[in-house]
Amino acid sequence: MKLLVLVSGGDAPGINMFLAELNKKVKNVDAVEGGYRGLIDGNIKPLASFEPQKYKTQAGAVIKSSRCPEFKDDKNFNKALKNAKNYDCLIILGGNGSYKGAERLFDNGVRTIFIPTTIDNDVEGSEYSLGFHSAVKACCFTVENVMPSMEAFNRCCVFEVMGRNCDAIAQAVASAMQADYVIAKEEDENFAKIAKIIRQRQKDNHSSIIVLRENLVNISEFCMDLQEKSGVEVRYNIVGHIQRGFKPTSVDLKMAKKFADVALKAIKKTHNSYAIVMDDGRVNVHLI
């Protein structure tokens, strides 16, 4: 059986471990270099040539990824489809956009296996996406290493975390770090309430931790307004791409191996196309 694997969209810690497991357990595996764009262009090489075993505990994606809106164009899609049909099964690691691509390929005759792989943890139908735990750990690491400086001046610090339109990272970080307030959606932007919390924390001789999901406000302007309304010095930290590049946690490394194991069993057992998901705390297969 000839397998092909690609990574699409944002990278997530744990991808390289998944690829290493494939390389270890299956001899005839090729990899697309550069996601759906690479599939359009036919940039395909043996997975082993990327040496995934060498990088299995590192973040990133040794076979590279891409964001490829041109995949939606019929001409480009047909090029990708032709390349994909040279294989018995195409394994796709990515988020919701990548899943839509997997569905379209399946609808056009390509057997596909989809792996939820996004730090945002927002893939519909799966409780967990590969990379989420590492991203949360990266945010907590940042908070832990910034707040001692904030405490020295009793400043408030607003931490902007990733998530696109999903609040999973923000909520998890806020809970883990016992944040004073979390702004996970537009209606959470309550200056009067936040300012009161900040003032009380300063009165108790402590700093405040505010967690903010990205794509909600202009953080610089937000912090200036919050400082003016609270009377307390406010700083901000955009956690940024450390969330993607953070060394994979043991949880994500374990999940990568589990996803790979379930995917390979599904490929060998039937000829159906599946999404490998976490459902009710267990890794299962759902028909695409």
Side-chain angles (χ1 to χ4, degrees), residues 1-12 14-15 18-19 21-22 26 29-44 47 61 63-132 164-166 255-256 258-279 283-288:
M1 181 177 288
K2 292 176 62 180
L3 301 184
L4 182 65
V5 61
L6 69 78
V7 176
S8 174
D11 59 307
I15 286 175
F18 181 93
L19 297 174
E21 286 295 293
L22 281 187
V26 184
V29 186
D30 284 349
V32 179
E33 185 170 18
Y36 283 131
R37 181 172 290 114
L39 188 60
I40 292 169
D41 296 335
N43 292 335
I44 297 172
L47 176 57
I63 65 174
K64 311 297 183 183
S65 185
S66 69
R67 299 193 186 278
C68 186
E70 56 267 35
F71 184 70
K72 298 176 183 178
D73 176 76
D74 287 344
K75 183 178 179 180
N76 288 319
F77 174 79
N78 287 330
K79 288 180 181 178
L81 182 64
K82 182 179 179 181
N83 290 322
K85 284 190 172 181
N86 290 323
Y87 293 85
D88 297 303
C89 186
L90 171 60
I91 301 171
I92 299 170
L93 289 79
N96 281 323
S98 305
Y99 184 69
K100 290 177 182 177
E103 286 183 312
R104 189 178 179 191
L105 287 165
F106 164 70
D107 290 339
N108 284 272
V110 176
R111 186 187 181 200
T112 57
I113 300 291
F114 177 77
I115 311 296
T117 309
T118 167
I119 65 169
D120 301 331
N121 202 33
D122 63 350
V123 173
E124 188 175 346
S126 184
E127 298 169 357
Y128 191 85
S129 294
L130 189 62
F132 174 68
R164 288 182 178 259
N165 299 314
C166 179
M255 286 303 303
K258 185 64 176 178
F259 278 139
D261 183 55
V262 173
L264 289 173
K265 285 180 179 178
I267 290 170
K268 294 175 182 178
K269 188 175 182 179
T270 74
H271 293 286
N272 293 320
S273 292
Y274 294 107
I276 311 300
V277 301
M278 179 172 279
D279 182 21
V283 178
N284 294 311
V285 295
H286 286 182
L287 285 171
I288 291 180

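As a basis for the values below, the full set of heavy atoms in this structure was taken, side chains included, without hydrogen atoms, waters or symmetry mates. The structure presented is a predicted model; accordingly, all values stated were derived computationally and were not measured.
No side-chain heavy atom of Leu47 sits under 4.5 Å from any side-chain heavy atom of Asp30. Residues Thr117 and Phe259 form no side-chain contact, since every pair of their non-hydrogen atoms from C-beta on lies 4.5 Å or further apart. Side-chain contact check for Arg111 versus Thr270: some heavy-atom pair is nearer than 4.5 Å. Side-chain contact check for Leu39 versus Leu90: some heavy-atom pair is nearer than 4.5 Å. Two residues are said to be in side-chain contact when any heavy atoms from C-beta on lie closer than 4.5 Å; Met278 and Met255 meet this criterion. Residues Leu22 and Leu264 form a side-chain contact, since some pair of their non-hydrogen atoms from C-beta on lies under 4.5 Å apart. Within the 4.5 Å cutoff, the side chain of Leu81 has heavy atoms near those of the Val110 side chain.
Shown here for Ile40 and Asn83, the closest heavy-atom pair between the two residues is O-ND2, 3.6 Å. Here the closest non-hydrogen pair linking Leu93 and Ser98 is O-OG, 4.5 Å. Annotation for Tyr36 and Ala102: closest pair OH-N, 3.3 Å, computed over non-hydrogen atoms. Heavy-atom minimum distance, Ala12 versus Gly131: CB-CA, 4.0 Å. What you find for Ser66 and Gly35 is that their closest heavy atoms are OG-CA, 3.9 Å. Here the closest heavy-atom approach between residue Tyr99 and residue Ala275 is recorded as CE1-CB, 3.9 Å.
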Check step by step if salt bridge (Lys or Arg N to Asp or Glu O under 4.0 Å) holds for Lys265 and Asp261. CA-CA 6 Å; Lys265 285 180 179 178; Asp261 183 55; 3.4 Å; yes
Give the C-alpha distance, both sets of side-chain angles, the deciding distance and a yes or no for ring pair (Phe, Tyr, Trp, His ring centres under 6.0 Å) between Phe77 and Phe71. CA-CA 5 Å; Phe77 174 79; Phe71 184 70; 5.4 Å; yes
side-chain contact (heavy atoms from CB on, under 4.5 Å) between Tyr274 and Ile115, intermediate numbers included: CA-CA 9 Å; Tyr274 294 107; Ile115 311 296; over 6 Å; no
Applying salt bridge (Lys or Arg N to Asp or Glu O under 4.0 Å), run through Arg104 and Asp74 and close with a yes or a no. CA-CA 11 Å; Arg104 189 178 179 191; Asp74 287 344; 2.7 Å; yes
Evaluate the side-chain contact (heavy atoms from CB on, under 4.5 Å) criterion for residues Ile91 and Leu6: first the C-alpha distance (whole Å), next the side-chain angles of each, then the deciding distance (0.1 Å), finally the verdict. CA-CA 6 Å; Ile91 301 171; Leu6 69 78; over 6 Å; no
Report the C-alpha separation of Asp122 and Asn165 in whole Å, then their side-chain angles, then the decisive distance to 0.1 Å, and conclude whether the side-chain contact (heavy atoms from CB on, under 4.5 Å) test is met. CA-CA 9 Å; Asp122 63 350; Asn165 299 314; over 6 Å; no
What verdict does the side-chain contact (heavy atoms from CB on, under 4.5 Å) test give for Val32 and Ile63, after you've listed the backbone C-alpha separation in whole Å, the side-chain angles of each residue and the deciding distance to 0.1 Å? CA-CA 7 Å; Val32 179; Ile63 65 174; 6.0 Å; no
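Side-chain atoms of Asn121 and Tyr128 form no donor-acceptor pair, as typed in the model, at a separation below 3.5 Å.
With rounding to the nearest 0.5 angstrom, the CG atom of Leu130 is 10.0 Å from the OG1 atom of Thr118. Asn96 CG to Glu124 CD: the interatomic distance, rounded to the nearest 0.5 Å, is 7.0 Å. Here the straight-line distance linking atom SG of Cys89 with atom CG of Asn272 works out to 10.5 Å at 0.5 Å rounding. Rounded to the nearest 0.5 angstrom, Phe132 CZ and Asp120 CG are separated by 9.5 Å. Taken from CD1 in Ile267 to CD1 in Ile113, the straight-line distance is 5.0 Å, to the nearest 0.5 Å. Of the inter-residue distances, the one linking Ser273 atom OG with His286 atom NE2 reads 15.0 Å to the nearest 0.5 angstrom.
Surrounding CZ of Arg164 are at most 12 heavy atoms belonging to other residues, nucleotides or ligands under 6.0 Å away.
Without hydrogens or angle criteria, Asn76 side chain to Glu70 main chain gives a donor-acceptor distance under 3.5 Å. A side-chain donor-acceptor contact under 3.5 Å links Asp73 to the backbone of Lys75.
The existence of a salt bridge linking Asp11 and Arg67 is excluded, since no basic side-chain nitrogen approaches an acidic carboxylate oxygen closer than 4.0 Å.
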